[in-house]
Asks: 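I have a structure here, written as structure tokens, and I will follow up with some questions on it.
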Amino acid sequence: MIELKDVNVVFQVGENTVHACKNIHLTINRGEVFGIVGLSGAGKSTLVRVINLLQKPTSGQVLIHGQDITKLKGRALRKVRLEMGMIFQHFNLISGKTVFENIEFVLKASGVPKEKRKERVTELLKLVDLSDKANVYPANLSGGQKQRVGIARALANNPEILLCDEATSALDLENTEEILNLLQRIREQLNITIVFITHEMEVAKKLFDRVAVMSHGEIVEINDVYSIFAHPVHEVSKSLISKNLNIELPNELLHSFTDGTCIKIFYKGERSMDPIISSVAKKYDVHLSILHGKIDYIHKKPLGILLVHLSGSDTEIQKAKQYIQENVAEMEIIRLDERRELL
Amino acid sequence: MIDQNTIEILQSELLLELGRTFIMVGVSTLLGVMIGGLLGLLLYLTSSDLFFKNKWLNRITGVIVNMIRSFPYIILLIVLLPLSAVIVGTKIGTAAATVPLTIAAIAFFARLAEGAFSEVDRGVLEAAIASGARLSLIFKDVLFVEALPGLIRSITITIISLIGYSAMAGTVGGGGIGDFAIRYGYHRYELGVMFVTVIVIIVIVQLIQWIGDKLAERAMKR
């Protein structure tokens with residue numbers, strides 16, 4: 001378990017004082033994947049580096065399994081670090097050493113005897129599916145492969161905690177997917193606690209259990225991932241997820257409707273699987289056409305958005321809208337005059 | 001320009017003087033790389049907040065290194081003659097000339113080594129620190145490995161500069177190929193000797209640069 005108590009980090013940059021982390025209180029449970037999201041400059045990287053003291057906090061405590069590590073030095077601090085792995089945005093592999101030697105390095109760090117090191121590295125290479133790259137230098141690997149070496153290296157000493165600092169931000173979509181799947185698999189196999197910093201909400205959706213949103217050095221919201229996506233409270237959370245649930249129609253299409261109403265329906269939580277559209281079609285004398293839609297599954301719960309056009313008599317449309325309003329999480333009417341404005 | 005006389009002079013002395021240059025440059029490079037390398041490491045470690053940032057130690061070391069580097073070599077050579085007398089027991093000859101050359105090499109290489117160390121990617125060092133490794137292991141397996149191509153290039157530059165400096169060794173009777181060219185080519189108007197010697201120096205320098213580049217390239221692993 002990781003606990004941060006009233007952690008503050010203050011930098012002095014020339015004449016300016018930068019308060020990178022402000023009064024951070026945080027408890028991360030054993031075995032969970034905890035995400036910290038925020039825009040760049042929010043202080044998330046500083047915060048994750050406080051956990052292994054790559055960044056010393058100006059004040060406050062960092063407790064790992066109940067032990068305050070902020071006062072530790074030398075051998076005692078190294079011992080704590082041996083029990084944490086870390087992966088980085090730019091992989092940070094030793095360019096002059098092979099994949100094998102890069103992973104072996106951390107085994108040397110923990111004093112594993114030579115004959116056992118070979119065995120363990122082979123095992124790790126298999127875990128990250130790079131057995132054929134043992135004697136290759138990092139420069140000859142793709143980004144995804146480099147990060148897999150990073151993961152193997154981070155896991156070599158069987159740590160209980162894995163810190164990930166923007167670990168997918170330098171990767172393309174395909175490689176990101178590959179790394180997230182690997183982390184998911186590792187998490188299931190090893191029951192490791194993962195702390196993951198990112199600005200990519202897609203990553204949050206796929207990997208995290210809980211998430212903290214950071215803004216200007218402060219944690220402004222903590223919740224489980226589904227709730228953050230379904231019911232963001234803070235402005236920053238809303239703006240972070242807005243891109244994710246944003247769908248747009250070509251203007252020409254919206255303008256082509258001369259009658260009826262366009263509505264945007266949000267599906268969230270318990271009732272999102274209810275067959276609302278077909279109920280409306282049966283109950284009222286309206287025609288529904290689905291213009292656009294998107295459904296995400298976060299922790300196996302759906303979160304969706306649908307753009308629908310209703311046509312029929314005004315009274316029937318009114319009744320249908322009323323019914324929909326009562327049965328979905330949120331409904332938004334795209335007004336005709338709004339469409340005119342667009343013209 | 002090149003006549004029988006030229007050939008006789010070259011035959012009788014060129015190899016001997018080459019040998020003296022080799023000793024002077026060899027010894028000073030070896031000691032310069034070892035001591036200067038440690039001094040460069042000290043300069044780097046005391047300037048890096050990842051290790052032992054220490055403004056005063058860094059400043060003092062830096063000033064001493066800069067002082068040695070600001071001496072025109074010919075002056076350093078003379079100023080350090082008493083030191084030569086203490087260390088090698090004489091103020092003249094190849095051994096006496098090697099002492100100031102070594103001091104110059106130490107200061108010269110210290111700055112280059114510091115540069116090579118500080119070019120090592122900070123993230124890679126942070127990753128090593130985060131892994132819980134001992135400092136000695138980080139120095140040996142990360143800092144040194146990553147700085148190696150830069151260090152090799154620095155050694156190449158040092159050797160070539162020292163060959164240039166060693167031409168002034170004649171001032172204290174140190175001999176060497178540079179002094180040889182001056183003695184015959186300048187003082188005795190044996191232009192042929194000067195010409196051949198310069199060609200030999202050019203070839204040696206090219207060769208050292210070529211070998212240095214090859215070694216650095218191999219250490220790059222890219």
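All figures in this text were calculated on a predicted structure; none of them were measured in a lab. We name chains A, B, ... by the order of the sequence lines, and we start the count at 1 in each one.
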Asks: Need one label for Asp121(B): side chain, backbone, both or neither, based on atoms under 4.5 Å from any heavy atom in chain A.
Replies: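 Just the side chain, heavy atoms under 4.5 Å.
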
Asks: Top residue by heavy-atom pair count (under 4.5 Å) with chain A, among Gly132(B), Ala128(B), Gly123(B), Ala127(B)?
Replies: Gly132(B)

Asks: So with a 6.0 Å cut-off around CZ of Phe195(B), is the heavy-atom count from everything else above 12?
Replies: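 Counting neighbours around CZ of Phe195(B), 12 or fewer heavy atoms of other residues, nucleotides or ligands fall under 6.0 Å, so no.
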
Asks: Quick one: of Lys79(A), Gln89(A), Met84(A), Lys108(A), who has the most non-hydrogen atom pairs under 4.5 Å with chain B?
Replies: Lys108(A)

Asks: Quick one: what part of Leu82(A) sits under 4.5 Å from any heavy atom of chain B, side chain, backbone, both or neither?
Replies: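 For Leu82(A), backbone and side chain are both near chain B.
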
Asks: Just by distance, do the side chain of Glu146(B) and the backbone of Ile94(A) share a donor-acceptor pair under 3.5 Å?
Replies: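 Here the side-chain-to-backbone pair does not exist.
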
Asks: Any donor and acceptor pair, going by atom type alone, linking the side chain of Asn52(A) with main-chain N or O of Ala130(B) inside 3.5 Å?
Replies: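 Not confirmed, Asn52(A) side chain does not pair with Ala130(B) backbone.
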
Asks: For atom NZ of Lys114(A), is the number of surrounding heavy atoms from other residues, nucleotides or ligands below 6.0 Å larger than 12?
Replies: no

Asks: So for atom CZ, which belongs to Phe139(B), do other residues, nucleotides or ligands contribute more than 12 heavy atoms lying within a distance under 6.0 Å?
Replies: yes

Asks: Checking Arg75(A) against chain B: side chain, backbone, both or neither under 4.5 Å from a heavy atom?
Replies: neither

Asks: So with a 6.0 Å cut-off around CZ of Arg218(B), is the heavy-atom count from everything else above 12?
Replies: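 No, CZ of Arg218(B) has 12 or fewer neighbouring heavy atoms, counting only those of other groups under 6.0 Å.
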
Asks: Do you know which of Gly150(A), Ser110(A), Gly96(A), Pro159(A) has the most heavy-atom pairs under 4.5 Å to chain B?
Replies: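 Among Gly150(A), Ser110(A), Gly96(A), Pro159(A), the one with the most close pairs to chain B is Gly96(A).
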
Asks: Do you know which of His90(A), Arg153(A), Lys97(A), Arg49(A) has the most heavy-atom pairs with chain B at a distance under 4.5 angstrom?
Replies: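 Greatest number of close heavy-atom pairs with chain B: Lys97(A).
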
Asks: Tell me, side chain or backbone of Phe88(A) under 4.5 Å from chain B's heavy atoms, or both, or neither?
Replies: side chain

Asks: What distance do Met86(A) atom CE and Ile129(B) atom CD1 have between them, rounded to the nearest 0.5 Å?
Replies: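 Rounded to the nearest 0.5 Å, the CE-CD1 separation comes to 11.5 Å.
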
